[in-house]
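Quick notes on the structure that follows.
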Amino acid sequence: MKQILVLNSGSSSIKYELFDMDAGRALESGLVERIGEGESCLKQTLPASTPKSPSQSRSIDVAVPDHRQGMDLIRRALSENASFAGGEHLVGIGHRAVHGGETFSGPTLIDDHVLQAIQALVPLAPLHHPANLIGMEVARSAFPDVPQVAVFDTAYHQTLPPYAYRYAVPQDWYQRYGLRRYGFHGTSHAYVAKQVARHLGRPLTDVNTVVFHLGNGASVTAIRGGISVDTSMGLTPLEGLVMGTRCGDLDPAILIQMGKQSGISLDQMDGVLNKQSGLKGLCGANDMREVLAREAAGDQAAALAVEMFVYRIKKYMGAYHAVLGRLDAVAFTAGIGEHSAEIRARSCSNLGSFGIAIDPALNAAVEPPIGEIQTADSRVKVLVVSTDEEFEIAEQTLACVQPAGR
Ligand code: AMP
């Protein structure tokens with residue numbers, strides 16, 4: 001039996017999910033949250049044993065002063081679950097890591113050198129990397145005999161050609177400061193592209209897909225034969241689509257103008273563009289369900305926010321169609337992409353001349369984990385796919401610790 005534990009360590013939380021890789025299913029998931037904040041708690045969920053039975057959850061309030069103790073708590077919680085085989089059956093631990101820079105283009109076995117290399121990338125992800133590193137260090141001491149693998153959110157996009165990843169600024173900015181497009185949500189885009197090809201019964205290398213990951217953070221990737229060739233997020237996750245609280249594409253002169261006119265600091269601007277912009281900046285709410293409900297109730301600001309959200313999607317749809325030349329499939333995933341038939345319908349409206357048309361009945365009735373929603377005469381397939389970043393991390397971890405043929 002092969003089991004893989006996936007860990008996602010944040011500044012005050014550690015999320016985990018345990019997978020049975022032979023059966024391809026999750027055995028347990030949970031998180032320790034509010035680490036170091038005095039009132040921490042462990043939440044644990046055991047999936048339903050049959051499709052009809054409910055999943056079981058428990059929540060324990062317990063003081064967790066630091067990540068080391070958080071990891072101990074997770075180890076103890078796992079060992080109480082009868083399906084945790086432990087020992088040699090736990091063949092690997094996969095860590096979600098936000099930014100691999102240009103150093104990491106695939107899943108990487110963690111050793112001291114790798115930790116140093118990740119440390120060197122902290123300037124590219126100053127908020128996330130320190131927490132990712134702590135998670136790796138405490139997991140290595142909690143499970144010293146288990147190989148550990150870092151899976152980077154940016155790695156999938158390391159295949160972008162230079163003309164797609166460079167910005168048209170002095171080359172010194174790239175050479176000295178690493179300013180280029182890295183892209184994010186790579187694990188999700190990679191997973192969804194594979195599911196689309198599998199569903200269509202075609203080799204991944206034959207299918208050209210545009211994947212829209214529409215969650216609170218949102219990005220789109222043009223994928224040629226399984227390879228990412230362009231993506232909407234850039235140096236940071238701020239670029240591209242309109243998001244819950246992030247602005248997406250912007251004229252950079254706005255920052256200069258605002259700095260001069262209002263005198264707000266660079267740190268304040270960072271906060272506004274990341275946390276007070278997007279849907280929230282436009283209409284006061286970042287949850288798409290609430291924005292749609294407000295629009296339906298006649299709120300003009302909410303209506304404009306939704307229009308801008310879908311208009312930006314359409315612009316990228318056209319751009320990435322042109323990038324790929326031949327487009328076989330469009331896939332919608334993540335919270336909004338998977339659950340909002342309305343956003344999918346509006347994003348694909350009037351695209352008949354691009355060979356993209358959605359069937360309203362299929363769009364309304366589509367079920368997870370994957371389904372097609374295009375009309376019978378739509379040249380391009382349109383799919384709704386449940387993303388599973390943790391499972392993708394588990395698969396990449398397994399491939400790294402047990403390469404095929406070994
Ligand atoms: P995620 O970041 O993938 O968890 O997605 C979060 C986003 O999905 C939020 O904006 C939610 O409002 C949105 N979402 C979840 N369910 C729905 C739904 N039924 N309709 C519209 N948006 C939804």
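Both ligands and their constituent atoms are indexed starting at 1 by order of listing. In what follows, every heavy atom counts, from backbone to side chain, and hydrogens, waters and symmetry copies are set aside. The first residue in the sequence is number 1, and the count goes up from there.
- Residues lining ligand 1 at a heavy-atom distance below 4.0 Å are given as G215, N216, N286, D287, M288, R289, A334, G335, I336, H339, S340, ordered by chain and residue number.
- Sorted by first then second residue, the ring-ring contact (aromatic ring centres under 6.0 Å, His included) pairs that include residues 366-396, not counting sequence neighbours, are F19-F391.
- Applying the salt bridge (charged side-chain N to carboxylate O under 4.0 Å, His left out) test to every pair with at least one member in residues 182-192, sequence neighbours left out, gives no pairs at all.
- G226 approaches Y156 most closely through the heavy-atom pair O-OH, 2.8 Å.
- Between F184 and H99, the gap from one ring centroid to the other is short of 6.0 Å.
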Side chains of residues 204-212: which donor-acceptor pairs under 3.5 Å do they make with residues two or more places apart or in other chains?
| from | atom 1 | to | atom 2 | distance (Å) |
| --- | --- | --- | --- | --- |
| N208 | OD1 | G225 | N | 3.3 |
| N208 | ND2 | R326 | O | 2.8 |

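- A donor-acceptor pair is defined here as one N or O able to donate and one able to accept, closer than 3.5 Å; such a pair exists between the side chain of R344 and the backbone of G337.
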